[in-house]
Structures are given as C-alpha cells and as structure tokens.
There are 2 protein chains.
Amino acid sequence: MFCNKNSYSMNSSHFSISLHILTLLDQVKGQLLNSEYIAGSINCNPVLVRKELANLHKHGFVQSKEGKGGGSTLAKNPADINLGDVYRAVKQKSLLGESKNEPNPDCPVGRQITKHLNDLYDEAETALVKNLSSKTLKDFSAGFK
Amino acid sequence: MFCNKNSYSMNSSHFSISLHILTLLDQVKGQLLNSEYIAGSINCNPVLVRKELANLHKHGFVQSKEGKGGGSTLAKNPADINLGDVYRAVKQKSLLGESKNEPNPDCPVGRQITKHLNDLYDEAETALVKNLSSKTLKDFSAGFK
DNA sequence: TTAAATTGTAATGTTTTTTATTACAGTTAT
DNA sequence: ATAACTGTAATAAAAAACATTACAATTTAA
C-alpha cells in the first residue's frame with residue numbers, strides 16, 4: 001500500500017475585496033479615498049486594502065497618490081473595467097483547487113489525476129470568467145442606490 | 001470613521017477529492033475499495049476519505065459496506081453521474097466567497113455589497129456548473145489510461 | 001464464537017492559510 | 001517642520017484545513 005500526502009487549495013477573498021474597493025472608487029467619482037476609509041467600509045485592516053490596491057495598481061485599474069491628502073482613484077473609465085479582467089488580475093490560485101502535494105504516482109489514477117483535474121478546472125473557470133466578462137464595473141456599481 | 005470586520009471565505013479540496021474517489025471506484029468496476037486504499041491513492045488521511053464518502057453516499061453517488069472486507073462502490077452508472085451534480089453535492093461554500101463578517105452598514109456600498117456580490121457569484125457559478133454538467137464521470141474516467 | 005477488518009463518527013491536535021497588527025521609510029501638503 | 005498618507009516588511013493572531021487517535025458498531029470467516 002502506498003502513502004504520502006495531498007492537498008488541493010482554493011481562492012479567498014481577494015475578488016470580493018477588490019470589487020468592493022473598485023465600487024467605492026467609482027461611487028465617489030474621482031475623489032481620492034484613503035486606505036483607512038476603504039478598510040472601514042469593507043471592515044478589514046487598512047494594510048490589507050493597501051496590498052489589494054497595490055495589485056489593482058499593478059494591473060492598471062487604479063492610481064494612487066502618496067503623502068498627505070493622498071489616496072486612490074480609478075485609473076480607467078468604469079465602463080472599460082470588466083469583471084472578468086478583475087477576476088484574472090486578482091486570482092492567485094486555481095478556482096477549484098490546485099494540487100500542491102502529490103497524489104500517489106504508483107496508482108494509475110493518482111499519477112494522472114492532477115493533469116485531468118487541471119484541464120477540467122481550466123475549462124470550467126473559462127466559463128465562469130466569460131460570464132463575469134459580460135459585466136463592467138459601471139454595471140455593477142449602478143446597482144447601488 | 002466606521003469599523004468592524006469582514007471576510008469572504010472559500011471552497012477547498014472537496015471536489016478534487018470526491019472526483020478522485022469516484023474515478024477510482026469507476027476504474028475498478030464494482031469492486032469494493034476501502035478507505036485506506038483510496039487514501040493511499042489520494043495521499044491523504046483515511047478518515048478524510050470516509051467523511052467524503054459519507055457525503056457522496058448522502059447524495060446517492062456511492063454505496064458502502066461495513067465490516068471485514070467492506071468498502072465502497074458506485075451507486076449509479078458512471079454515465080449517469082455528471083460533474084455538475086458532483087460539484088453541487090460537494091460544495092459547502094459559495095464559490096467566490098461568502099461574507100461571514102459584515103461590511104459596514106453605515107456605508108452605502110458596505111450595506112449593499114453582500115447582496116450584490118452574492119448575485120454576481122450565483123450567476124457566475126451557474127455558468128461554471130453548466131460547464132461541468134456537460135461532462136459525466138464516465139467521460140472523465142475514460143481519460144485515464 | 002471469537003478474532004480481524006472494516007465503516008462511521010467524534011474528539012483532539014497539528015499544520016497551513018488568512019488576516020490583523022506593528023513598524024517604519026519615503027512622499028506630499030500645509 | 002509636521003502631519004497624513006502610501007508602500008512594504010516582519011510578526012502575531014485567528015481561522016480553516018487536515019491528520020491523528022480512538023472506539024462503537026458491523027461483517028466475515030476461521
């Protein structure tokens with residue numbers, strides 16, 4: 001009998017937080033918001049917001065201004081930010097799980113399953129992203145009264 | 001300034017493990033497999049396998065036999081098990097995250113975002129499940145040589 | 001009819017991941 | 001100059017995932 005260890009890990013709150021941030025920035029129409037204010041709305045730590053903003057900045061969604069009176073604002077028109085792109089910018093792990101530890105290579109199923117699962121997940125995720133891509137930040141934000 | 005706390009939690013390895021189990025059971029064509037053997041292929045603890053099997057049993061995918069020489073086997077034809085149904089049987093949390101802690105109710109965005117995110121996730125997840133539903137366990141398992 | 005092998009499940013412990021906190025250098029406004 | 005920010009690293013705490021141990025109940029079969 002074979003034995004070792006396996007795990008398939010998952011996404012977390014990055015997408016929710018990023019979309020929350022983008023929505024806030026859209027709602028204030030160009031006004032700079034600082035990380036403490038944003039954290040107050042999300043209800044999380046400001047450092048987490050700044051990390052999330054750093055990623056959004058890296059992907060061209062936001063601009064930030066340092067120093068007193070600084071903060072962040074959208075870097076593009078909200079009609080040009082689609083949620084599929086946000087998802088891709090933000091995702092760090094495979095949606096349904098990525099095997100970090102190895103299934104048993106001495107078992108025919110264990111030996112091949114990682115590849116088969118990845119193929120399956122990639123296709124499923126493509127369907128999900130396609131759905132998200134049909135919506136823009138403008139659409140999403142317009143739902144808030 | 002407002003303040004509390006928020007988190008959006010995620011899925012884990014249930015789907016991968018369940019599909020691994022179902023694939024093994026299909027490959028051995030009705031032979032009973034015990035949890036230790038399955039755990040050896042997945043490379044995880046047998047108790048985790050038994051818990052996963054309990055859930056698969058609850059949803060009618062497998063049958064188990066207790067006692068010496070016991071184990072599990074598929075309860076349906078693999079052509080009648082579709083991966084969307086497995087996904088639904090196995091999922092415990094919202095795909096993209098479910099807010100457990102509360103965004104700030106004093107902020108217009110914080111107050112409404114949970115509902116809006118949930119609506120968005122539901123639609124996106126429906127697209128994902130639809131994709132998975134186009135494949136059966138028989139299809140998936142046939143990819144293994 | 002007893003011993004062995006198994007499921008089912010609970011309780012507990014360990015590890016990993018996520019999130020919060022602290023700290024501080026660098027930037028900008030006043 | 002001082003205060004209010006960003007950016008980022010290091011550390012700590014909390015939460016989640018997973019493993020381990022334990023054992024009652026079940027079944028087989030010697």
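Everything quoted here is computed from the prediction, not taken from an experiment. Residue numbers begin at 1 in each chain, while the letters A, B, ... track the order of the sequences.
- A:Asp119 meets the side-chain contact (heavy atoms from CB on, under 4.5 Å) test with A:Lys115; sequence neighbours excluded.
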Produce the list of close N/O pairs, under 3.5 Å, pairing protein atoms with atoms of nucleotides 11-13 of chain D; give distances to one decimal.
none

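- Across the protein-nucleic acid pair, B:Asn34 atom CG and C:dG8 atom P stand 12 Å apart, rounded to whole Å.
- As judged by a 4.0 angstrom heavy-atom cut-off over every strand, A:Ser72 is placed among residues making no nucleic acid contact.
- For the OP1/OP2 pair of D:dT6 and a distance below 4.0 Å, the side-chain nitrogens and oxygens of A:Ser64 include no atom meeting the criterion.
- Spacing between atom NE2 of B:His14 and atom P of D:dA17 amounts to 7 Å, rounded to whole angstrom units.
- With rounding to whole Å, A:Leu48 atom CG is found 14 Å from D:dT8 atom C1'.
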So if I define the base as every atom that isn't primed, P, OP1 or OP2, how would nucleotides 22-30 of chain D read as a B/S/- string at a heavy-atom cutoff under 4.0 Å? B---BBB--

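- D:dA4 atom C1' lies 18 Å from atom OH of A:Tyr37, rounded to whole Å.
- Atoms CG (B:Leu33) and C1' (C:dT6) sit 13 Å apart, rounded to a whole Å.
- Regarding contacts with the backbone of C:dT19, every side-chain N or O of A:Asn45 stays at 4.0 angstrom or more from both OP1 and OP2.
- Between the P atom of D:dA17 and the CZ atom of B:Phe15 lies a distance of 17 Å, rounded to the nearest Å.
- Here B:Gln31 contributes atom CD and B:Ser72 contributes atom OG; the two are 12.5 Å apart, rounded to the nearest 0.5 Å.
- Side-chain N/O atoms of B:Thr136 and B:Asp139 include a donor and acceptor closer than 3.5 Å.
- B:Leu32 is not connected to B:Ile81 by any chain of hydrophobic side-chain contacts under 4.5 Å among Ile, Leu, Val, Met, Phe, Trp and Tyr, and they are in different clusters.
- In terms of the side-chain contact (heavy atoms from CB on, under 4.5 Å) criterion, residue partners of B:Ser133 (sequence neighbours excluded) are, by chain and number, B:Asn82, B:Arg88, B:Val129.
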Would you please test A:Ser18 and A:Glu52 for side chain to side chain donor-acceptor pair (under 3.5 Å) and show each step? CA-CA 6 Å; A:Ser18 283; A:Glu52 217 58 45; 3.1 Å; yes

For residues 44-51 of chain A, tabulate all N or O donor-acceptor pairs below 3.5 Å that involve a side-chain atom, not counting sequence neighbours.
{"residue": "A:Asn45", "atom": "OD1", "partner": "A:Val47", "partner atom": "N", "Å": "2.9"}
{"residue": "A:Arg50", "atom": "NH1", "partner": "A:Ser35", "partner atom": "OG", "Å": "3.1"}

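- B:His59 is linked by a side-chain contact (heavy atoms from CB on, under 4.5 Å) to B:Asn55, B:Phe61, B:Ala89, counting only residues two or more places apart in sequence or in another chain.
- When rounded to the nearest whole Å, the span between CD of B:Glu36 and P of D:dA19 equals 14 Å.
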Which is it for B:Glu125 and B:Tyr87 under the side chain to side chain contact (heavy atoms under 4.5 Å, CB included) test, yes or no, and what are the steps along the way? CA-CA 10 Å; B:Glu125 190 171 29; B:Tyr87 176 87; 2.5 Å; yes

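- Close to C:dT19, at under 4.0 Å from its OP1 or OP2, lies a side-chain N or O of A:Ser13.
- Rounded to whole Å, the distance from CG on B:Leu53 to C1' on C:dT6 is 13 Å.
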